[in-house]
Amino acid sequence: RNASCSVVQAATLWINSELEFGDLVQIKKQLISVISLCKERGLVHSVKWASELAFALDPLPKNELPPSATFTEEDAQDMDALGLAKSYFDLKEYDRAAYFLRGCRSQKAYFLYMYSRYLSGEKKKDDETVDSLGPLEKGQVRNEALRELRVELSKKHSAGELDGFTLYLYGVVLRKLDLLKEAVDVFVEATHALPLHWGAWLELCNLITNIDMLKSLSLPDCWIRDFFIAHMYTELQMIKEALQKYQSLIESGFSKSTYIVSQIAVAYHNIRDIDQALALFNELREQDPFRIENMDTFSNLLYVRSMKPELSYLAHNLVGIDKYRVETCCVIGNYYSLRSQHEKAALYFQRALKLNPRCLGAWTLMGHEYMEMKNTSAAIQAYRHAIEVNKRDYRAWYGLGQTYEILKMPFYCLYYYRKAHQLRPNDSRMLVALGESYEKLSQHVEAKKCYWRAYTVGDVERMALLKLAKLHEQLNESDDAAQCYIIYIQDIFSCGEQLEHAEVSTALRYLGQYYFKNKLYEEASLCAQRCCDYNDAREEGKALLRQISQVRDHMEASNTTPVRRVSPLDLSSFSP
Amino acid sequence: MASVHESLYFNPMMTNGVVHANVFGIKDWVTPYKISVLALLYEMTTSKPIALQERRRLNKLILPLQQGPDLTLDQFLKTVEECCPQTAYAVKLRLHEMADGELKDMEYFFATLPTPFSAIDSEAYKTSVVGLFMRHMLLAYNKLSFSQVYKLYKALQQYYHSHYSQPGDVQVGLAADDSDMDLTSTEDNVGERMEKEELDTRPEVVDRGPLSQKQAEYFLARQAYLLKNDENKALKPSALQDELNNMLKFNPDFAEAHYLSYLNSMRVQDIFISTHSLLHYFDRLILSGSEGKSNGDEGYGRSLRYAALNLAALHCRFGHYQQADLALQEAIRIAQESNDHVCLQHCLSWLYTLEQMKGSDSSVLTEDSVKMAAHFCLPYLVSLGIQSLVQQGAVQGKTAHELMDALKDTDILHWKHSLSELIDISLAQTTSIWRMYGKSTMAQQQAQLLLNMNSLEQVNFGVQQNNTEAFAVALCHLAELHAEQGLYGAVSEVLKHLKEQFPPHTQHAKLWMLCDLKIQFDRAMNDGKYHLAEPHVTAIAALNKTEGLYRKAQVLKALNRTTEAYSILQRLQLYCEKTKYTEMIIRVMLVTAELHWESSGFATALPLLLQALALARQHHLQALASETILHLAFTQLMLGVPEQALGVLHEAMEPILAHGAVMDKGRALLLAARCQMAMAGTRSNGQRHAALGLAVQSLGEAAAYFSMLDCKERLRDVHYLQARLHHTLGQTPQRNKCAMLFRLLDQELQAPGAAVPLL
């Protein structure tokens, strides 16, 4: 908690001192120039990002357009070779491109030369993976070009001859060689040399594992850093801070950016604020109807809310755009899952995994599908794969726990639930699951602790208190049980929503009996009356009322004062 | 952006979302190293006659070469050269032909390999080990696609040339391909070499390539065997973990590696990793066993049960009894639901083990377990149960012939099913029982039998004596037995061996630690160096609380702190009576009796000693019974009935002289002499002389025993008595000699304050 506080402070500090977006025109100019630079070098994803952002800003008048970059003597010399190589590069003939660039002197040509060699190595590696000698060798297939590239680049690096783009490439090479520490340094250097290149920031983002590491880096003073920090907060699950950051970015003029909208939507999804997230995604689809990115997250939300028609529409729409995308497959998988066609759903998740085996969400979702199909062993396999891709995937751990719970192994699943709980200490679902397991093992003390903790961290499903109350009831701890039921009822009424599995009637029934036993007839009759509002408890409520009136008649004869032990339930302010 | 950089990790083995590592049955594939082995085999089968001795050495080499991990060409040629330089040269030549030639040379090589199907009379016939290997290789080679063949050839060239480029400069004639090397590319090479060196100095770079499935299986089997039987020969825990991590990096689906990782982390008592690995292993196992049946005998339901059982075992090992109990209950429940009696039996045997570890009586459970296991024909569990029963029976005072009968019956069972592990345990148990009954010779014989027995394991990796618990127990007994006889040189030898065989961090190290401390303590006490004995007490208490308390009482008694000693003894006796630790009860009674002596309460000591004697006899504890008789005799002597004392003493003399420790022998003889002296006082003159002569003789023997142990205080007493006797008998020279010896010792032992042992 302390850590997050200081983070918030730090964040506000940044906002106050450095977030100056007054000159949107200047930003737009910078974006336009970086777009052309990246385009010349074939860095398509950075071009896309910058262009999206530039599109969100107002267009510049003609005389304000930035002049095209100045030519040096070397550039002029290399122009023809560069043009030829670029065309080969665009056609994915990387070796050919590299061959024609080998003698060029200009920075631009040098970057393209190295980049072609790198991509050529990557491409060959991918081809070879399919064609390796044996199953055990697949981990050994390497990009053979990496070492050479590293040697050349490190020489130039120590001589200080690298510009922002080549630094970025050097960093990528280092990361691929698993030299992560060096890679971080080089990427930081790259951001200093060319702050506007989003690719370098993104690579840096993948290498930062915690907030302390983020704070220890010295990053360039530029408006783009706020985008980076916001992205980083989302990655590190510091959603509140991330939302604050994005909000301030919107306020300073980027309100039209689809990128920011999508990021905020994903952030809301992560903290399970479903309504907000849904609204934002709908807005996003209006602005950018052919967008495929993040649509899997959108479909998750639709799935949680069981919005069948919307999900169906989304799935059909995406298939129309591009059916061989991971996101599309995930959306279709979710669609089939919602329609309870789990075999088909699993098939589509498999397809998504064939397109990108490191797609974490698909592994977990596939595990869920296999669970639905009662194919526990395949489910375990899928969850294990998800954990292999990312050890910190709490959903997979939770899923494994559930699987073993279904196999009636409550002690065995404890380990998995504990793992999940470690990763999400404030998620009530894991705590409730832990509590249930302990209850099954007759470890009542632990179970009670878990339920109570689940309630205190904010119970999303509102089941913890009910379970706690029932446990107390079982153990004949009637005072505690009554307390829990009281809080439960207050909780249910105050949240206002109608919950499907709410068991208010059970609580009222118990409380009625409890008050009756403790001779608090006023309260008992109130509860009994309330019981009559529910179908399943009506008869009992009436019976209790009759009993109360009998006893009262009896009592008027012999006047005794009741013993008060529990504060009476105040139901007057709530209406069911 | 990310999608460009991420490698396309496509797994062709994946069907239906489940990765089958071996869908094509590929267990092995051709590598340059394998080609070298093939070349060696080829040379051996086809070439000119090799000297018989060299051929034998080569033959012995074949299996390790086939099963071991890939070696570099350097290592490979060196190994072969050691056996037969001529063949090594031929192999090198053949490899050179291929590597320096063209692709067709390699193709030709595979074409000319003797086909195991045709060559019926050669060693490479299809069912032989060599033939099988060749068939595997040929099959794997024939399956290779066009580009893979070329890749293999390239790899072979690199493999061959790395052998030459290692020492110093690049030899132009042999190095690299024949393409023209322009200036830039040489520069690259130099840079690369420098780079390579720089990279290779980093410790995390593992120089060994991935193992093929066969090699990995062999590696795992061997390491697991060694872990079980002879931990010292296995890789060091950290090195083994590195290997395993490496293996799992290349093939995450290799579940057995997780299990070995579990075993390995158990060695270093790492509960975190061991739990993690165990669960991971079973998660994987559940997949592999899931074909067809969902919950039957063979399906993954089975591995679920054993998963829970193994988890229970893990918690048991770490002493988490409550957790273990829960896990065990779960295993039992699942096994019951699916009617798996075999698993239930395993659960039951763990249940009584757990009860035993918790310290409660579990003999009823054990008996049930034995009966049921016999019904389901599980010899291992049956005899394990019987052994457990024997152990409990021995402590609770079952008669000796019952125990021995039971052990004999299980032995028949062991030999029938050749359960070598249980034979070891049985022998160790017999040793312990004999020792408990005070038959040192028998115990020694059984211990030697175990230590000299050849291992019955079929697959024996040159292991004769392994480091299981049984061996540790037998060796500890041996050390103690030698210590009793005063052979401290032999003791330290045995302990040294134990230390080597069971390093302090291992599971069974506590056994010898306790044994070592006990021996040292006893020695210090016998020598009267109580200040040396005192620090041992804390160490002993750390290993065994009861033993520690007992020893503490002994030290306190020796230091004349009677009240403290008495209160400790009282506590100890209550505790031992609760846990039915008979041996300790008797010993405590003896020490209490000695305390009574200190305050001259000989009459009060008497009932206590009689009680102790009854207990010892009831439990057939001969050594303790003899010791009690010694105490009894001494008490009677002090009460003034030497005739009675001598009569009682005679009863114990025989067993003590036959089986007892040297110390006991000396004490018995000394006591006998004192009795004889006391009796002589009442006799007539002639008889008196004869009796005193007898006493002198006894004292002489006692002195011999005491000097063996270098037990000076008692020796001093003996010399004093001897001098007095000689004086009475009028043998002046002998008297003077003894008196001198006494004086020398007395001067040496000028340590007042400490109690002199009465007995």
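Remember, it's a predicted structure, so these values are computed and weren't measured experimentally. Basis for what follows: all heavy atoms, side chains included, without hydrogens, waters or symmetry-related copies. Residue numbers start from 1 in every chain, and the chains themselves are labelled A, B, ... in the order their sequence lines are given, proteins ahead of strands.
Side-chain contact check for Asp283(B) versus Tyr404(A): some heavy-atom pair is nearer than 4.5 Å. The shortest distance between side-chain heavy atoms of Gln329(B) and Phe411(A) does not fall below 4.5 Å.
Neither the backbone nor the side chain of Lys123(A) comes within contact range of chain B; no heavy atoms are under 4.5 Å apart. Only the side chain of Tyr416(A) comes within contact range of chain B, judged by heavy atoms closer than 4.5 Å. For Leu400(A), the part lying under 4.5 angstrom from a heavy atom of chain B is the side chain only. Of the atoms belonging to Leu311(B), it is side-chain heavy atoms, and not backbone ones, that fall under 4.5 Å from chain A.
Side chain of Arg333(B) to backbone of Met409(A): no donor-acceptor contact under 3.5 angstrom is found.
Taken from CG in Leu304(B) to CD1 in Ile380(A), the straight-line distance is 6.5 Å, to the nearest 0.5 Å.
Closest of all the heavy-atom pairs between Tyr412(A) and Ala308(B) is CE1-N, 4.1 Å. Considering all non-hydrogen atoms of both residues, Leu441(A) and Leu326(B) come closest at O-CD2, 4.0 Å.
Among the candidates Gln322(B), Glu337(B), Glu330(B), the residue making the largest number of heavy-atom pairs closer than 4.5 Å to chain A is Glu330(B).
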